[in-house]
Amino acid sequence: MNDDNAAARVIQDLRALARDSLAGTRLPTVRELTARHQASPVTVARAVRRLVAEGVVDARPGRGTFVAGPRTAAGRRADLSWQSIALGPRPPGEDAMQALLAVPRPGAVPLSGGYLDEDLQPAAALGAALARAARHPASWQRGPVEGREDLRAWFARTTGGALRADDLVVCPGGQSALSTAFRALLSPGDAVLVEAPTYLGALAAARAAGLRVVPVPADAAGVRPDLLAAAFHRTGARLFYCQPLHANPHGATLAGDRRAATLEAVREAGAFLLEDDYARDLTIDGDPPPPLVADDPDGHVVYLRSLTKSAAPGLRVAAIGARGPAGARLRSARALDDLFVAGPLQQAALDLVTSPAWPRHLRALRTALRVRRDALLDALRRRLPELLPEVVPRGGLHVWAGLPDGTDDVAVTTAAAAEQVVVFPGRPWFAAEPDGAHLRLTFAAAPPDLLDEGVRRLARALGT
């Protein structure tokens, strides 16, 4: 598939429709355009954004794409094409992130997503906590730039005592914390090591910071420590980003016999390990191992923990921290970025996680995720057994499904969209060439009956 040619066809089609239609006229959906032009949703989204930038169309999230208007006083449409020259090249990774975060259209089955289904979120407890915070006058005042001390102390306790409240800074979500870490700890042009595959948002943030992203192979037991040591030696990298617990997208947890070797490779290189502990509350089977930072006496581990994945997308509260000068740099960078996180949101987050409702929510969530994971695996077993993962994920939100050799994962995504099921290709999760074709299938974004229906539609898209 030639993405450039497909994008050009979509742009030409939408230009013609916009030229012949009144302002406000609804244009074809992304699903219709992917089917009509045999283009991926990412390609269609890129074409739409170009026409939005030029003022040809308006994209209204959750509603669709419409002919832009009104025209200028002179009776012509505004010419915004000059901005493409003034802005220069777009940062890499934006298209994939936009596609990943797109809201599914009504009627589509979401087998892709990074957040809990509404039914799994503690909405009542969170709403009550936010209402109480909003009525508290002190919540609206300026607090410490690094965040509330009592909230930072709660995050510190989750590290097993490895970090203190003063080592941490509160951030507006994990993605913001990642961007801060990459910019605070490295300089443009530096190398950063990542697992292959790894979290798409981390790849985008690293590239936006001007870093050179170097993949290190991972398998069902997590990153390969021998290859990690070799990558440090070859590149001179000073930072390794990883998710040692239920890694997104492949679900692996760093094996017990690899933990010490991984930390030793980091220490030998005189480098940092950025531990993204996003899934600590998403373990389904057994008990999660302690975070790597708990085994780090000398300040090599930079620790990141977010509440967004285990609570709700709107709870944009996370914390990142490290001991020594690294922690000081993180705190300084956060102050430059946002000054501080909104007081009512910090108060509500603290209220939630220190209330009896929080452990009840986590117990219920664990049960619900197990039911949904098993429902997705059962549907794959019955309808698409060739997509069953080699290792059942013991936590997290996703199943990493390998496609048959020779399959184009982006084409599968396009065909699935035409069948009203949203899946996400594996290709963007690799910093370099992928080791095969995959789909990341999410089991937390839909109830069991819809998961089965989604797999049925996916099977139809694959022609089985």
Side-chain angles (χ1 to χ4, degrees), residues 91-93 159 162-163 167-169 171 174-218 222-245 247-248 254 258-259 261-278 291-293 295-306 318-334 336-337 429-432:
T159 70
L163 298 177
D167 296 321
L168 294 157
V169 58
C171 309
Q175 187 66 29
S176 177
L178 280 177
S179 296
T180 294
F182 288 138
R183 287 184 291 101
L185 303 177
L186 299 173
S187 300
D190 285 351
V192 59
L193 307 184
V194 301
E195 296 170 283
T198 195
Y199 171 47
L200 178 57
L203 295 176
R207 288 165 175 156
L211 304 180
R212 180 165 52 91
V213 183
V214 179
V216 181
V223 70
R224 293 265 307 272
D226 56 332
L227 298 180
L228 177 63
F232 272 125
H233 178 74
R234 183 176 66 82
T235 64
R238 294 182 288 118
L239 179 67
F240 169 49
Y241 166 79
C242 74
Q243 295 177 327
L245 182 63
N248 178 13
L254 186 63
R258 292 189 182 183
R259 288 170 62 94
T262 297
L263 288 171
E264 180 60 25
V266 174
R267 283 193 291 266
E268 284 291 319
F272 294 101
L273 185 153
L274 175 49
E275 178 178 13
D276 185 352
D277 202 16
Y278 88 100
L292 289 177
V293 70
D295 298 325
D296 170 45
D298 299 320
H300 287 275
V301 176
V302 178
Y303 183 75
L304 167 59
R305 172 87 183 271
S306 172
I320 191 169
R323 290 193 291 271
R329 290 203 181 188
L330 291 170
R331 294 188 292 276
S332 296
R334 286 304 320 153
L336 292 174
D337 285 345
W429 305 88
F430 290 87

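FYI, side chains are in, hydrogens and waters are out, and symmetry mates aren't considered; it's all heavy atoms of this structure.
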Student: Tell me the closest heavy-atom pair linking Ala206 and Val192, and the distance in Å.
Tutor: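 Closest approach of Ala206 to Val192, heavy atoms only: CB-CG1, 4.1 Å.
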Student: If you define the side chain from C-beta out and look only at heavy atoms, does anything of Ile320 sit under 4.5 Å from Leu274?
Tutor: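 In short, these two side chains touch, coming nearer than 4.5 Å.
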Student: Write down the atom of Ala431, the atom of Arg207, and the distance for their closest heavy-atom approach.
Tutor: O-NH2, 3.3 Å
Student: Within the 4.5 Å heavy-atom criterion, are Phe430 and Leu203 side-chain neighbours or not?
Tutor: no
Student: With sequence neighbours excluded, tell me which residues meet side chain to side chain donor-acceptor pair (under 3.5 Å) with Gln243.
Tutor: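 Tyr241, Asp276.
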Student: Taking Arg183 for the side chain and Ala333 for the main chain, is one N or O donor matched with an acceptor at less than 3.5 Å?
Tutor: no
Student: Within this structure, what is the CZ-CG distance for the pair Arg212 and Leu193, rounded to the nearest 0.5 Å?
Tutor: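 With rounding to 0.5 Å, CZ (Arg212) is 9.0 Å from CG (Leu193).
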Student: Taking everything shown except Arg329 itself, do over 12 heavy atoms lie less than 6.0 Å from its CZ?
Tutor: no
Student: A side-chain contact here means heavy atoms from C-beta on lying under 4.5 Å apart; do Glu275 and Arg305 qualify?
Tutor: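 No. Closest side-chain heavy atoms not under 4.5 Å.
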Student: Is any side-chain heavy atom of Glu264 less than 4.5 Å from a side-chain heavy atom of Pro225?
Tutor: no
Student: Which atoms form the tightest heavy-atom contact between Ala237 and Ala271, and what is the distance?
Tutor: O-CB, 4.0 Å
Student: What are the two closest heavy atoms between Leu211 and Leu186, and how far apart are they?
Tutor: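 Taking every non-hydrogen atom into account, CD1-CD1, 3.6 Å.
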Student: When you look at Leu263 and Val301, which way does the side chain to side chain contact (heavy atoms under 4.5 Å, CB included) test go after all the steps?
Tutor: CA-CA 9 Å; Leu263 288 171; Val301 176; 3.8 Å; yes
Student: Are Val194 and Tyr199 close enough that some pair of their side-chain heavy atoms sits under 4.5 Å apart?
Tutor: no
Student: Among pairs that include at least one residue of residues 232-245, which meet salt bridge (charged side-chain N to carboxylate O under 4.0 Å, His left out), considering only residues two or more places apart or in two chains?
Tutor: Asp190-Arg238
Student: Starting at CG of Leu228, measure out to CZ of Phe240 and round the result to the nearest 0.5 Å.
Tutor: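 Here the interatomic distance stands at 5.0 Å.
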Student: Within a strict 4.5 Å, meaning less than it, do heavy atoms of the Tyr303 and Asp167 side chains meet?
Tutor: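 They are not in side-chain contact.
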Student: Are the side chains of Asp277 and Thr159 in touch, meaning some heavy atoms are under 4.5 Å apart?
Tutor: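 In short, these two side chains do not touch, never coming nearer than 4.5 Å.
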Student: Calculate, to the nearest 0.5 Å, the distance between atoms CG and OG1 belonging to Leu292 and Thr262 respectively.
Tutor: 7.0 Å
Student: With the side chain counted from C-beta on, respond yes when Cys242 and Val223 share a heavy-atom pair under 4.5 Å apart, and no when they do not.
Tutor: no
Student: What is the ring orientation for His300 with Phe272, classed by angle as parallel under 30°, tilted 30 to 60°, or perpendicular over 60°?
Tutor: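 If you compare the ring of His300 with that of Phe272, the planes turn out tilted.
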Student: Using a strict threshold of under 4.0 Å (side-chain N to carboxylate O), is an ion pair present between Arg267 and Asp298?
Tutor: no
Student: For Ala205 versus Gln175, what's the shortest heavy-atom pair and its separation?
Tutor: CB-NE2, 3.8 Å
Student: Compare every heavy atom of Ala231 with every heavy atom of Val216, then report the nearest pair and how far apart it is.
Tutor: CG2-CB, 3.8 Å
